[in-house]
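When reading the values below, keep in mind they use all heavy atoms of this one structure, side chains included, and skip hydrogens, waters and symmetry mates. Within every chain, numbering begins at 1; the chains are lettered A, B, ... in the order of the sequence lines, protein sequences first and strands thereafter.
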Number of protein chains: 2
Amino acid sequence: MSDGTPAPVRPTLEEVARVAGVSRATVSRVINGSPRVSPDVLVVVEKAIAELNYVPNRAARSLAARATMSIALVVPENAHRFFGDPYFADVVQGISERLDDSDYVLNLQLTHPSSPSEKTRRYLLGGNVDGAIVVSHHSGDHFLASLGRSLPVVFGGRPLGQIANPGDYYIDVDNRLGARRGVEHLIARGRTRIATITGPADMPAAVDREMGWRDALAGAGLSDHRIAHGDFTEAGGIRAALVLVDEHPDLDAIFVASDLMASGVLLALEERGLRVPTDVAIVGFDNSPYATRGRIGLTTVAQPSLEMGVVMADTLLRLLAGEQVEHVTMMETSLVVRDSS
Amino acid sequence: MSDGTPAPVRPTLEEVARVAGVSRATVSRVINGSPRVSPDVLVVVEKAIAELNYVPNRAARSLAARATMSIALVVPENAHRFFGDPYFADVVQGISERLDDSDYVLNLQLTHPSSPSEKTRRYLLGGNVDGAIVVSHHSGDHFLASLGRSLPVVFGGRPLGQIANPGDYYIDVDNRLGARRGVEHLIARGRTRIATITGPADMPAAVDREMGWRDALAGAGLSDHRIAHGDFTEAGGIRAALVLVDEHPDLDAIFVASDLMASGVLLALEERGLRVPTDVAIVGFDNSPYATRGRIGLTTVAQPSLEMGVVMADTLLRLLAGEQVEHVTMMETSLVVRDSS
DNA sequence: TTGAAAGCGCTAACAT
DNA sequence: ATGTTAGCGCTTTCAA
């Protein structure tokens with residue numbers, strides 16, 4: 001294409017047919033692996049395909065077959081939030097792995113967190129994809145929330161109550177129970193003045209983890225007034241930790257709703273001269289690379305993010321294949337104990 | 001789509017035409033913003049479109065117009081490498097921003113680093129996209145290297161010598177000069193026993209930065225034998241730093257080919273009881289978030305990654321518009337001085 | 001097992 | 001300014 005060189009003309013199915021000396025229908029059958037092709041014809045056609053370096057035109061194929069064989073991964077986040085969070089890396093990797101075994105290709109649509117652009121809308125509704133996976137932990141997006149009515153959609157993470165449709169499919173972990181187990185571990189270690197740093201209030205995962213923290217404290221008859229709000233970023237973790245130690249100097253443990261924030265908490269505590277875990281024990285959530293990158297290994301509630309990606313893709317694929325699929329898939333968390341508790 | 005509910009039938013252009021009482025051609029003109037439509041007809045058609053909730057079918061449109069209005073971002077990395085590197089986040093953000101102002105949609109193709117799958121090949125060659133941006137810092141991939149012959153392609157980063165085609169388009173920074181300036185800064189600070197930690201030898205950026213390091217040392221008559229090889233990961237930075245201080249205990253500075261690795265170097269030096277910058281001065285490369293996340297701010301060679309993304313997209317867009325475009329765009333690096341030097 | 005023929009939903013000359 | 005008419009490259013009945 002350089003320098004105005006005309007684009008190389010791609011051979012069409014018709015030319016393959018001509019070269020092979022068969023009809024277009026037969027070539028089409030070969031391409032689609034139909035059993036109704038005699039072995040010798042198959043050889044001839046495949047030779048012609050190889051010879052011409054033929055690659056089927058997908059637009060034409062989609063149009064005729066009414067299937068695009070591609071699915072969208074919709075991420076209502078800006079690139080930085082998306083890339084900064086190792087959770088997404090795992091999910092995407094998992095989805096890719098599952099899709100590698102299928103005929104579908106993935107294409108990623110980054111959209112604005114608040115309201116997907118008209119372009120995204122058109123893309124999703126314009127017959128570009130056969131289905132979509134939405135990894136959104138945000139509420140408030142009406143279009144995405146109702147996307148399931150126009151297209152097979154699988155959500156990563158439970159949609160927030162008010163926008164969930166009964167027919168939705170989603171994959172999630174039991175954030176509440178996981179958080180509870182994490183806090184119970186702190187209690188078992190003898191901690192009694194346990195604070196928490198939450199995630200954004202518009203994310204179900206954040207809300208659920210806070211509830212799990214309360215569950216555990218209530219179960220042990222402990223007070224749940226030590227709380228600060230974060231935003232799932234490291235800087236937010238630092239800020240929240242400073243607020244917490246100033247307001248509740250007596251705290252002896254913090255359950256932090258994400259490892260990324262917990263990593264900030266570690267920095268903040270060090271700055272204040274507090275030792276982990278001697279003075280303050282920490283439990284994070286995710287078991288992301290951040291849990292092991294500092295000098296102090298982070299005790300954390302692990303979620304199987306990669307596997308969640310696999311299951312999301314698998315669920316959508318089965319949906320597309322017309323199978324009956326469970327609407328909700330809950331995956332297990334587990335506690336990983338390291339230095340910080 | 002839940003529970004086998006039949007997919008809602010999407011209205012076609014023909015139905016819009018019928019409802020509006022005009023021909024299909026007219027509706028098509030309205031959709032494509034042709035000026036050859038009378039104001040009153042335009043109103044009627046737009047009303048019909050809104051009423052029917054019509055969204056054009058892109059496959060049909062692509063087929064007829066011979067343009068897909070979408071471009072591929074090809075990333076020959078696994079999800080973890082891709083997500084782990086803030087450089088990519090910036091580039092993607094930049095590309096997205098530029099594309100937001102255009103009619104093109106982006107779709108991201110993660111492929112295996114060594115050899116893109118047959119699926120990727122088919123996707124790229126099957127008329128799914130009008131052009132591609134390849135952000136590869138790897139050599140050895142013949143398919144991607146020659147992709148420019150079948151499709152308008154812009155490369156992020158210079159392709160390695162042996163696989164570069166004269167007609168290729170690429171956007172890069174002057175890694176060599178940037179590295180040289182970084183090392184010269186160390187020399188100006190009075191350092192004389194300056195080591196380096198390189199990136200993978202199959203990446204042009206890594207090779208160029210090493211050469212820049214040599215340039216600076218040669219210019220000052222200093223020795224360039226203190227060298228260790230890394231892999232652009234934090235763990236690799238740690239390993240390389242340990243090797244370096246063991247083999248060359250006299251070193252007083254290290255030029256590290258990426259901030260991510262430099263962040264590992266900081267950890268390693270601390271472990272060895274070496275103070276930064278008192279005992280050892282450090283200069284990184286990228287000016288990524290890692291440069292500012294630790295206690296010690298990292299002096300680093302900044303590259304305008306986000307803007308590079310913008311320029312990549314812009315270059316491809318102009319190429320697609322049939323404009324004459326420069327083959328090589330070099331962008332400037334700049335030195336950001338912080339605590340570590 | 002194979003071929004002929006009729007579209008899939010849209011755009012783009014060419015008329016008018 | 002608007003309509004008519006051919007396709008774009010493929011899949012898919014329907015016959016043979």
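At whole-Å resolution of the value, CZ in A/Arg10 and P in D/dC8 are 16 Å apart. One atom, CD of A/Glu15, and another, P of D/dC8, lie 11 Å apart when rounded to the nearest Å. Distance, B/Glu14 CD to D/dT5 P: 14 Å, rounded to whole Å.
Of the candidates A/Val37, A/Val19, A/Val22, A/Val27 forms a side chain to side chain contact (heavy atoms under 4.5 Å, CB included) with just one, namely A/Val22. Residue B/Val41 forms a side chain to side chain contact (heavy atoms under 4.5 Å, CB included) with just one option from B/Val44, B/Val43, B/Val45, and that option is B/Val45.
With B/Arg58 contributing its side chain and B/Met69 its backbone, the two residues share a donor-acceptor pair below 3.5 Å. Formation of a donor-acceptor pair under 3.5 Å by the A/Asn32 side chain with backbone atoms of A/Ser28 is found in this model.
We find the OG-CG distance between A/Ser62 and A/Asp130 to be 7.5 Å, quoted to the nearest 0.5 Å. Interatomic distance, CG of A/Asp314 versus CD1 of A/Ile171, reported as 8.5 Å (0.5 Å rounding).
Residue B/Thr26 places at least one side-chain N or O closer than 4.0 Å to OP1 or OP2 of D/dG3.
Close approach of DNA chain C to chain A, defined as any atom under 4.0 Å from a non-hydrogen atom of the protein, starts and stops at C/dT1 to C/dG9.
Within 6.0 Å of CG on A/Asp103 lie no more than 12 heavy atoms contributed by other residues, nucleotides or ligands.
Base engagement by B/Arg36 is indicated by at least one non-hydrogen atom pair under 4.0 Å involving a base atom. Counting non-hydrogen atoms under 4.0 angstrom, A/Arg66 reaches the backbone sugars and phosphates but no base.
Summary of the strand contacts: B/Val22 and B/Leu63 both lie near DNA chain D, and taking for each the nucleotide with the nearest heavy atom, the more 5' one is attributed to B/Val22.
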Please enumerate all protein N or O atoms sitting under 3.5 Å from an N or O of nucleotides 12-16 of chain D, with distances to 0.1 Å.
none

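The aromatic rings of A/Phe83 and B/Phe82 sit perpendicular to each other, their planes meeting at more than 60°, with 30° as the lower class boundary.
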